[in-house]
Amino acid sequence: NVFQKKCFLLISIIGNLGMLGFFKYVNFTLDQLNSFGKQLGLPELGFLEIALPIGISFYTFQTLSYTIDIYRGKLKPSKSLAEFSLYVSFFPQLVAGPIVRASVFLPQLREKLQNSGGKLRQITFESSNVRFGITLMAIGFFKKMFLADNIAPLVNQIFESPIGESSLTIWIGTIAFGIQIYCDFSGYSDIAIGGARIFGFRIPINFNKPYFAMSPSDFWRRWHISLSSWLRDYLYFPLGGNKKSEVRTYFNLFVVMFLGGLWHGASWNFVLWGILHGTYLASHKFLINKFPVLKNISFFKTKLGKIVAILITQYFVLLAWIPFRVQDTEHMFYSIQKFILFDFDFLSTIEFISANHKITSLFIIIFVVLHIISFKNPDLIERISGFRLITWMLFLMVIMLSIFLFYVGYDQNFIYFQF
């Protein structure tokens with residue numbers, strides 16, 4: 001009956017979020033208690049550091065989607081523990097996403113089980129899936145190892161000790177981090193989606209040229225799509241979405257992004273990042289509601305107007321990347337101040353880049369060029385995977401040689417492994 005369904009749903013939500021909250025926030029909570037107690041002169045609490053299980057943020061949201069979709073009648077429950085376990089532990093995207101919903105994965109799995117007589121003992125590899133998957137994985141490794149890891153030293157050097165740096169240096173470091181985190185995370189997503197495709201599973205894209213977004217809402221339709229759409233469908237809409245009053249809509253947007261910041265980790269810098277994006281979304285919605293004429297300004301429909309909209313949007317996106325990257329409070333607010341004030345010291349910045357990071361600047365330029373090319377060619381992966389065999393193999397060889405020849409050996413984990 002309905003009451004039983006609600007009870008089971010409540011147990012699932014409390015259980016999943018309770019485990020996520022415990023592992024992600026217990027260390028942070030105890031640290032805050034110790035800090036508060038120290039101010040009161042109380043003895044420090046002794047406790048063991050609790051390790052965060054790998055990928056807990058991602059598979060927790062996946063299991064929640066399973067329970068909620070069953071409650072809503074959008075999905076039939078799994079008839080076996082093996083089927084459910086394979087969904088939760090599907091290895092390509094287990095550690096850092098994308099967040100794959102049960103309603104997307106299980107129908108594909110059930111079709112394969114049906115075609116194999118109910119037992120998934122072997123996988124039938126299709127040539128088109130294998131070539132597409134390998135192509136996408138190669139591009140993912142290129143993003144991570146050729147671009148993100150080679151740009152990381154510049155970002156680290158600037159933000160490890162930003163005090164005293166000019167605005168231009170902070171700008172360069174912020175732009176570089178924006179490129180680094182995109183190439184790092186979208187690279188992992190490409191590898192995961194490509195790996196799943198080789199086995200015949202289609203996982204939705206997680207990024208769609210986010211640095212060409214023309215508004216805050218457009219950005220979140222393009223960035224970490226699996227998370228933003230999950231928050232929209234399982235949090236924003238249940239809170240009322242935009243069906244309530246205008247004030248309630250702004251509140252819902254703010255709360256969703258605030259919780260999105262907390263999802264990333266128990267740290268005040270992630271909270272501030274979420275608050276900034278919540279403010280962006282609520283402010284944009286407010287302006288559109290109060291001044292509907294803004295949606296029909298002809299200038300923003302021209303090529304120049306679109307460029308202006310992109311630059312304005314990315315300015316605020318980059319500003320929010322500073323608290324995401326810089327955890328030290330003093331360093332964070334210094335960097336934000338320098339980012340906003342524009343007191344550029346061109347000479348010192350040029351000397352800094354020339355002395356340490358001339359090659360890194362080349363990687364940033366390469367990213368910009370490739371990002372524009374991929375934006376103008378949305379079906380690029382399909383076209384590359386459809387090349388003649390010799391041409392396709394040559395493409396893969398160029399990717400591998402680029403990584404081997406230019407990889408500086410700076411070993412860095414995927415950024416989203418920590419979440």
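Note that the coordinates shown come from a computational prediction; the quantities given were computed from them, not determined experimentally. What you see below is based on every heavy atom in this structure, not just the backbone, and it leaves out hydrogens, waters and symmetry mates.
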**Request:** Specify the closest pair of heavy atoms between Lys76 and Arg110, including all atoms of both residues, with the distance to one decimal.
**Result:** O-NH2, 2.8 Å
**Request:** List the steps, then state whether side-chain contact (heavy atoms from CB on, under 4.5 Å) holds for Phe201 with Val100.
**Result:** CA-CA 11 Å; Phe201 291 93; Val100 181; over 6 Å; no
**Asked** Should the pair Phe324 and Trp321 be assigned to parallel (<30°), tilted (30 to 60°) or perpendicular (>60°) ring geometry?
**Response** perpendicular
**Asked** Ion pair present between Glu246 and Lys290, side-chain N to carboxylate O less than 4.0 angstrom?
**Response** yes
**Prompt:** In a check of side chain to side chain contact (heavy atoms under 4.5 Å, CB included) between Ile13 and each of Asn16, Ile11, Leu9, which one passes?
**Reply:** Leu9
**Message:** If I take atom OG from residue Ser229 and atom OH from residue Tyr236, how far apart are they, to the nearest 0.5 angstrom?
**Reply:** 14.5 Å
**Asked** Is the backbone N or O of Ile310 less than 3.5 Å from a side-chain atom of Tyr211, with the two atoms forming a donor-acceptor pair by type?
**Response** no
**Asp190 with Lys144: basic N within carboxylate O range, under 4.0 Å** = no
**Message:** Using only atom types and a distance under 3.5 Å, with no angle test, would you say the side chain of Tyr182 pairs donor to acceptor with the backbone of Gly187?
**Reply:** no
**Request:** Please examine the side chains of Phe61 and Leu227, heavy atoms only from C-beta on, and report whether any two atoms are closer than 4.5 Å.
**Result:** yes
**Prompt:** If we only count heavy atoms from C-beta on, is the Phe177 to Leu318 side-chain gap below 4.5 Å?
**Reply:** no
**Message:** Just verifying a value: how many Å separate Ser215 OG and Trp220 CH2, rounded to the nearest 0.5 Å?
**Reply:** 13.0 Å
